[in-house]
Amino acid sequence: MSQKAAAAAGPLFTPDDVAGLRATVVGPVLEPADAAYATECATYNLAQPTTPDLVVGATSAEDVAHAVTFAARNGLAVAVKNAGHQMVPTVAHNSLLITTTRLTGVEVDEATRTLRVDAGARWHDALTAAAKAGLAPLAGSTPVVGVVGYTLGGGLSPLLGRAHGYAADHVRWIELVTADGVIRTATPDHEPELFWALLGGKGNFGVVTRIEFAAVELTDFYGGGLWFRGENMAEVLDVWRTWAPALPEAASTSFAVQRLPQDEALPAPLRDAFVLHVRFSYLGDAAEAEELLAPLRAAGIPVLDSVALRPVMDIGAIHVDPVDPLPYVETGFGLREFSAETLAALVEAVGPGSDCPLVTVEVRALGGALDREPETPNAVPSRGLPYITFAFGVAEPSDLPFMDEHLAKYAAALSPWADPRNVVNFIAPDEAVNETDVRRLYGAERYHRLAAVKRRWDPHNVFRRNHNIRPSSAPTGL
Ligand SMILES: Cc1cc2nc3c(=O)[nH]c(=O)nc-3n(C[C@H](O)[C@H](O)[C@H](O)COP(=O)(O)OP(=O)(O)OC[C@H]3O[C@@H](n4cnc5c(N)ncnc54)[C@H](O)[C@@H]3O)c2cc1C
């Protein structure tokens, strides 16, 4: 049945079924007509709303188990949402959304330097708890995203990634509800294939309710941003492109070409400005950091320089990502190199002489520990990629197609250096929506293995409202 026909046919469950679910689940069970439905389904990207037939606000792993059992029994696809920063739209075509926002527990074990984090915790919760013990988890550029979704998608930290690898590499165990509605635990020794697949395969294998991962002993770092006038981007990035690959693993960097709005919340030099934002962080002393950063500071005259010694809690100051929800379209892909030719193409596509209206076009340098397989390998597909790029344009819904055109122009300009692999967290909701693209994202061999795990744990593809790995049709022997 087509999606349209399915929608016209109405949901696969009856009001009695919903009443039965409400009687078993402690948290709210909401339908589109309910007043609290819109808030429960809210996403960060206002252009990608999520409107399932039913939403269950889980208060425990048991609630999640009841919701998954209900969905599987009634032929509904299950989607999961915490902070809502990477939702593949879930429409009312027989789908059930489980929200984890009520599960915010974070426990720190100082003796083992580990954190146990529930599915609804965000990075600011985990950073706050860890800081009290002098620990730092491998958080990303914005502390407002959820810990679990971030970690299952690899988890690329702009502070700790190059020295310590992906957040996924530090996970000890995962508690989840699989498609059969059973609460299980996967570890490197118990259900090791499931454990491997979850870390990189993201929401494809179940709803994760809790994870434990190791943190690093760290209280401070040296970092922040240097903002240059956008007109100087070619000269500054000509220095960046040879400087970045030579940095030690304790240092990380990225840049963003930004056309910022007239926003009073921004520092005065950045309001309504076209800027190049070079980000930098260093896990060492200030004098060493200053020395490392000197060639970049000499590459132009910054209009703003925020690089300073900071507590780990200030990790968000490296990228200064927008916090409030906004309507946008985005694209992202890997880059095999960032050469003089790549830079020339970038400047032509989004530089001062271009008609580019995109708010941000960013390139992150990877490498270091991000290239190395962890002691317990996982399905993260981006090892060995030297760079990733990510761009987004913000607009009212009627102007989003215009932004899409410019995203396509940008992607075409950098296509000679593009790599289909990416950090899974940076896949846009409307990218990797078919099996061919998802296979290209993971590479054929890894995809084949993921599809075999999917067949074992979710043979009917209950968890399909995501960048979907389909169950393999061949016998798996698992
Ligand atoms: C401004 C911004 C900055 C970012 N910076 C970084 C960065 O520096 N590094 C990085 O790696 N990523 C980064 N990301 C990406 C971000 O980490 C992912 O989008 C992450 O999934 C967001 O978490 P969330 O709680 O908002 O996810 P949601 O949007 O709530 O969920 C996204 C998906 O994650 C999966 N998921 C979430 N919770 C569960 C669960 N309990 N069980 C199973 N699957 C689940 C599901 O597939 C779900 O569809 C950034 C995103 C934004 C918007």
Side-chain angles (χ1 to χ4, degrees), residues 41-45 48 50 52 58 61 64 67-68 77-90 95 97-101 103-104 117-125 138-161 166-168 174-179 197-211 252 254 256 279 281 315-316 318-326 328 330 332 359-360 362 364 366 370 380 382 388 390 392 394 422-429 432 458 463-469:
C41 295
T43 51
Y44 173 76
N45 185 347
Q48 300 282 1
T50 281
V64 173
V68 170
V78 171
V80 195
K81 182 175 82 71
N82 179 15
H85 284 72
Q86 197 195 21
M87 291 305 294
V88 171
T90 295
S95 58
L97 175 68
I98 297 172
T99 57
T100 60
T101 47
L103 304 169
T104 54
V117 176
D118 289 346
R122 299 192 186 202
W123 274 119
H124 51 65
D125 305 317
L138 275 71
S141 64
T142 175
V144 298
V145 304
V147 175
V148 166
Y150 167 95
T151 304
L152 299 178
L156 171 62
S157 173
L159 176 62
L160 292 161
Y166 286 97
I174 302 171
E175 181 193 84
L176 76 157
V177 175
T178 42
L198 281 160
L199 297 168
K202 217 165 181 179
N204 269 285
F205 304 96
V207 182
V208 171
T209 47
R210 209 165 198 225
I211 56 174
S252 303
S254 67
R279 293 84 167 249
S281 68
I315 189 169
I318 303 171
H319 279 238
V320 203
D321 290 323
V323 172
D324 294 330
L326 63 173
Y328 64 95
E330 58 186 305
V359 171
T360 288
E362 95 173 13
R364 297 192 188 201
L366 308 184
L370 296 164
V380 168
S382 43
I388 56 168
F390 171 79
F392 72 98
V394 178
N422 198 352
V423 176
V424 174
N425 281 345
F426 290 89
I427 310 293
D458 184 15
F463 303 110
R464 60 182 176 273
R465 294 287 190 242
N466 46 36
H467 298 293
N468 193 227
I469 294 158

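Along the sequence shown, residues are numbered consecutively beginning with 1. Just follow the structure's listing: the first ligand is 1, and inside any ligand the first atom is 1.
Of all heavy-atom pairs between Leu159 and Ser252, the closest is O-OG, 4.0 Å. In plain terms, the two heavy atoms of Cys41 and Thr50 that are nearest each other are CB-O, 3.3 Å. Among all heavy-atom pairs drawn from Ala119 and Val208, the shortest one is CB-O, 3.2 Å. Closest approach of Ala83 and Arg122 over heavy atoms only: CB-CZ, 3.6 Å. Of all non-hydrogen atoms in Ser382 and Asn422, the two that sit nearest each other are CB-O, 3.6 Å.
Side-chain contact between Leu156 and Ile388 is present, with at least one heavy-atom pair separated by less than 4.5 Å.
One finds the CG atom of Leu103 at 10.0 Å from the CZ atom of Arg210 (value rounded to the nearest 0.5 Å). The structure places CD of Glu175 at 11.0 Å from CD1 of Ile211, a figure rounded to the nearest 0.5 Å. In this structure, CG on Asp321 lies 7.0 Å from CD on Glu362, to the nearest 0.5 angstrom. Ser157 OG to Ile315 CD1: the interatomic distance, rounded to the nearest 0.5 Å, is 4.0 Å. With rounding to the nearest 0.5 angstrom, the CG atom of Asp458 is 9.0 Å from the OG1 atom of Thr178. If you take CD on Glu330 and CD1 on Ile427, they are separated by 9.5 Å, rounding to the nearest 0.5 Å.
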Report task. Apply side-chain contact (heavy atoms from CB on, under 4.5 Å) to Tyr44 and Asp324, showing your working. Result -> CA-CA 7 Å; Tyr44 173 76; Asp324 294 330; over 6 Å; no
Report task. Verify side-chain contact (heavy atoms from CB on, under 4.5 Å) between Val423 and Tyr166, making sure each step is shown before the conclusion. Result -> CA-CA 10 Å; Val423 176; Tyr166 286 97; 3.8 Å; yes
Requested in this report: Please test Ile98 against Val68 for side-chain contact (heavy atoms from CB on, under 4.5 Å), starting from the C-alpha separation and ending with a verdict.
Outcome: CA-CA 8 Å; Ile98 297 172; Val68 170; 3.8 Å; yes
Requested in this report: List the steps, then state whether side-chain contact (heavy atoms from CB on, under 4.5 Å) holds for Ile469 with Phe463.
Outcome: CA-CA 9 Å; Ile469 294 158; Phe463 303 110; over 6 Å; no
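Each of the atoms 28 (P), 29 (O), 31 (O), 49 (O) of ligand 1 lies under 4.0 Å from some heavy atom of Met87. In the vicinity of Val148, heavy-atom distances shorter than 4.0 Å reach the ligand 1 atoms 40 (C), 41 (N). Close approach of ligand 1 to Gly146 (heavy-atom distance below 4.0 Å) involves ligand atoms 23 (O), 24 (P), 25 (O). Of all atoms in ligand 1, listed by their number and element, those nearer than 4.0 Å to a heavy atom of Thr142 are 1 (C), 2 (C), 3 (C), 4 (C). For ligand 1, the atoms sitting less than 4.0 Å from at least one non-hydrogen atom of Val207 are 42 (N), numbered in the order shown with element in parentheses. Atoms of ligand 1 found under 4.0 Å from any heavy atom of Lys81 (numbered from 1 in listed order, with element): 30 (O). The atoms of ligand 1 that sit less than 4.0 Å from any heavy atom of Gly155 are 11 (O).
Gly154 does not count as a contact of ligand 1, since none of its heavy atoms falls under 4.0 Å from the ligand. Within the structure, the closest approach of Gly206 to ligand 1 falls below 4.0 Å when heavy atoms are considered. For Gly153, the closest heavy-atom approach to ligand 1 does not fall below 4.0 Å. Heavy atoms of Phe426 approach ligand 1 to within less than 4.0 angstrom. Under a 4.0 Å heavy-atom criterion, Arg364 is in contact with ligand 1.
Distance from atom 17 (O) of ligand 1 to its nearest protein heavy atom, with residue and atom name: Tyr150 CD1, 3.3 Å. Of the protein's non-hydrogen atoms, His85 N, 2.8 Å is the one closest to atom 26 (O) of ligand 1. Atom 15 (C) of ligand 1 has Asn425 O, 3.5 Å as its closest protein atom, hydrogens excluded (heavy atom only). Taking atom 4 (C) of ligand 1 as the reference point, the nearest protein heavy-atom neighbour is Ser141 OG, 3.6 Å. From the protein, the heavy atom lying nearest to atom 51 (C) of ligand 1 is Val145 CG1, 4.3 Å. Among protein heavy atoms, the minimum distance from atom 49 (O) of ligand 1 is reached at Val80 O, 3.4 Å. Distance from atom 44 (N) of ligand 1 to its nearest protein heavy atom, with residue and atom name: Gly203 CA, 3.4 Å.
Annotation: Gln86 places an N or O atom under 3.5 Å from an N or O atom of ligand 1; distance criterion only. Considering backbone and side-chain N/O atoms, Lys202 comes within less than 3.5 Å of an N/O atom of ligand 1. Considering backbone and side-chain atoms together, Asn82 places an N or O closer than 3.5 Å to an N or O of ligand 1. Residue contacts with ligand 1: Pro322 is placed with no nitrogen or oxygen under 3.5 Å of a nitrogen or oxygen of the ligand (distance criterion only).
The aromatic rings of Tyr150 and Trp123 lie perpendicular to each other, with more than 60° between the two planes, well past the 30° mark.
Distances from atom 45 (C) of ligand 1 to the heavy atoms of Asp118, Leu138, Leu152 put Leu152 nearest. When the options Leu159, Asn204, Leu156 are ranked by their closest heavy atom to atom 9 (N) of ligand 1, first place goes to Leu156. Closest heavy-atom approach to atom 28 (P) of ligand 1 among the candidates Gly149, Gly84, Ala58: Gly84.
No part of Thr209 comes within 4.0 Å of ligand 1, judged by heavy-atom distances. When non-hydrogen atoms are compared, ligand 1 lies under 4.0 Å from the backbone of Val208 as well as from its side chain. Contact annotation for Asp321 and ligand 1: only side-chain heavy atoms (C-beta onward) come within less than 4.0 Å of the ligand. Within the 4.0 Å heavy-atom criterion, the part of Ala119 lying near ligand 1 is the side chain and not the backbone.
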